[in-house]
Number of protein chains: 2
Amino acid sequence: MQNAINNPSLRIACSSCNLRELCLPVDLGGQEMERLDALTSRKRTFQRGDYLYRCGEGFRALYAIRTGFFKTQVLHEAGREQVTGFQMPGEIIGMDAISSDAHTCDAIALEDSEICEIPFDRLEALSREFPGLQRHLHKIMSREIVRDHGIMMLLGSMRAEERLAAFLLNLSQRFSARGYSPTAFNLRMTRQEIGSYLGLKLETVSRTFSHFQEHGLLNVKVREVEIMDMLRLRSFVGGT
Amino acid sequence: MQNAINNPSLRIACSSCNLRELCLPVDLGGQEMERLDALTSRKRTFQRGDYLYRCGEGFRALYAIRTGFFKTQVLHEAGREQVTGFQMPGEIIGMDAISSDAHTCDAIALEDSEICEIPFDRLEALSREFPGLQRHLHKIMSREIVRDHGIMMLLGSMRAEERLAAFLLNLSQRFSARGYSPTAFNLRMTRQEIGSYLGLKLETVSRTFSHFQEHGLLNVKVREVEIMDMLRLRSFVGGT
DNA sequence: AAATGCGTTTGATATAGGTCAAAAACCATG
DNA sequence: CATGGTTTTTGACCTATATCAAACGCATTT
């Protein structure tokens, strides 16, 4: 954990960040952008397995992912855990903690990653000055709510194949938005983690991958996924 | 649908609302409260089955429930629907719509109900002036995110009995916070709706109620529920 | 190269909850 | 208070997914 203020090499401004279009500064004007730069100067790096925050920790900041991959999970008694999301560059995490001033889930790096820390009180102050930023912050929180509703739909009323198809299409779309291939990517998470997220056991996830492969929808080689028939995969989710 | 501005009998100010402690104005100072009063003057009443808003409708306002009961649901293709929540007095709904300027779910009255409309642009303007209100709005949105994570946990990793127990305890706690009995209440929603919310079929919900009754945990008579053994019900959720 | 260890795949079997169907209870209306 | 429609309960049976178990693949260490 380094102090970025003393380490100029880690200072990457929002204004020059290549995730600008996906992250907090979307749609901001020049003056707003400058002020936001001042706010997000602190960067931190994480290795696979490191915690960005833990359930119960005090709330100070939101975090924008610059590079890498995280998962968030809520813990129930006795090791039962539920993965609530997988986050990738340009996404903001930590909003769960605002309501009680403490984090209500864990955030764990799935690979070596880098984040920008956004002190929340300063973000609030800035968003009082700039209505555009304020609205954007509200949109980010609202988007999280909408995303969660989608997962409820998935968990509450889809079969295993539909869930996995929806999951893969969601990843595909997010990779695509970041300039990566929508059809070939590799998974950063284990079958176990996918299963937890989708409300399935890891064996079911593995079997469903195999089914998809048998039916020519995908090529899967452990963590490497190639979508062969996007349309048919889509028809699974909306479909029959 | 009446215009409240022309109907003084419907003008109930936040400052004199008995839900003050649960709703938007919690922790606000005198001046903030007055300004909020001016903003929430429009009331609307709904009958059982009426839509407060529909998926796709443009976003204008958040809604505070004054009396009654609502459900929210997201629609999937071909009639498949997922109930995402049941809302009671003092709760704020509509935040899903901020992200895309359009509602992403339906909100439907489960009984005759009354709401306060809170125009969102004016709420944002006011919260730029009053940091206390701003933080409170953020907390409300964050609370929704945390709530959704709890439901994901429930849908992703609990068995039918645990789900229903968690559901009843949640209702109990919310009735209790509103000054009603935590042990005896009646359900405003059908078995079907409970099932949709909990990711179960209505028959399973009905059977699980019967099991609980056989084991002396509850007395159920269709919509009337009496919790007989709160501790044992709790141990179901955290439990075994 | 062998050994160790984690994650994945696959198979055989079990079970929680789904499905289908019918009866019973409840509710609104004439 | 009879009627028709909806909701709920209960039963019998079925299936999707879980569980248990073994083998396999791949990466890392010795």
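Each chain gets a letter, A, B and so on, in the order the sequences are listed, and its residues count up from 1. The structure displayed is predicted, hence computed values, not measured ones.
- With A/Arg174 contributing its side chain and A/Leu171 its backbone, the two residues share no donor-acceptor pair below 3.5 Å.
- Side chains of B/Thr72 and B/Gln87: a donor on one and an acceptor on the other come within 3.5 Å.
- Rounded to whole Å, the distance from CD on A/Gln213 to P on C/dT10 is 8 Å.
- The side chain to side chain contact (heavy atoms under 4.5 Å, CB included) test with B/Ile145 is passed by exactly one of A/Thr104, A/Thr84, A/Ile98, A/Asp148: A/Asp148.
- Here the nucleotide nearest the side chain of B/Leu200, chosen from C/dA12, C/dG17, C/dT8, is C/dG17.
- The aromatic ring centroids of B/Phe59 and B/Phe120 lie less than 6.0 Å from each other.
- Of the residues near DNA chain D, A/Glu203 and A/Arg163, the one whose nearest nucleotide (by heavy atom distance) lies more toward the 5' end is A/Arg163.
- Between B/Leu202 and the options B/Gln192, B/Arg207, B/Glu193, a side chain to side chain contact (heavy atoms under 4.5 Å, CB included) holds for only B/Gln192.
- In this structure, B/Phe86 has its ring center at least 6.0 angstrom away from the ring center of B/Phe70.
- Backbone-only engagement by B/Gly199 is indicated by non-hydrogen atom pairs under 4.0 Å involving sugar-phosphate atoms exclusively.
- Each of B/Arg207 and A/Arg207 has a nearest nucleotide on DNA chain D; the 5'-most of these lies closest to B/Arg207.
- In 5' to 3' order, the nucleotides of DNA chain D bounding all contacts with chain A (an atom under 4.0 Å from a heavy atom) are D/dT17 to D/dC20.
- Taken residue by residue, residues 216-223 of chain B places heavy atoms nearer than 4.0 Å to DNA chain D at B/Val222, B/Arg223.
- Note on A/Ser206: a base of the nucleic acid sits closer than 4.0 angstrom, heavy atoms only.
- Rounded to a whole Å, the CZ atom of B/Arg159 is 6 Å from the P atom of C/dG17.
- Within a 6.0 Å sphere centred on CZ of A/Arg48, other residues, nucleotides and ligands contribute 12 heavy atoms or fewer.
- The distance between the ring centers of A/Phe212 and A/Phe236 falls below 6.0 angstrom.
- With hydrogens and angles left out, the side-chain atoms of A/Ser196 and A/Glu81 include no donor and acceptor closer than 3.5 Å.
- The CG-P distance, from B/Leu154 to C/dG17, rounds to 12 Å in whole Å.
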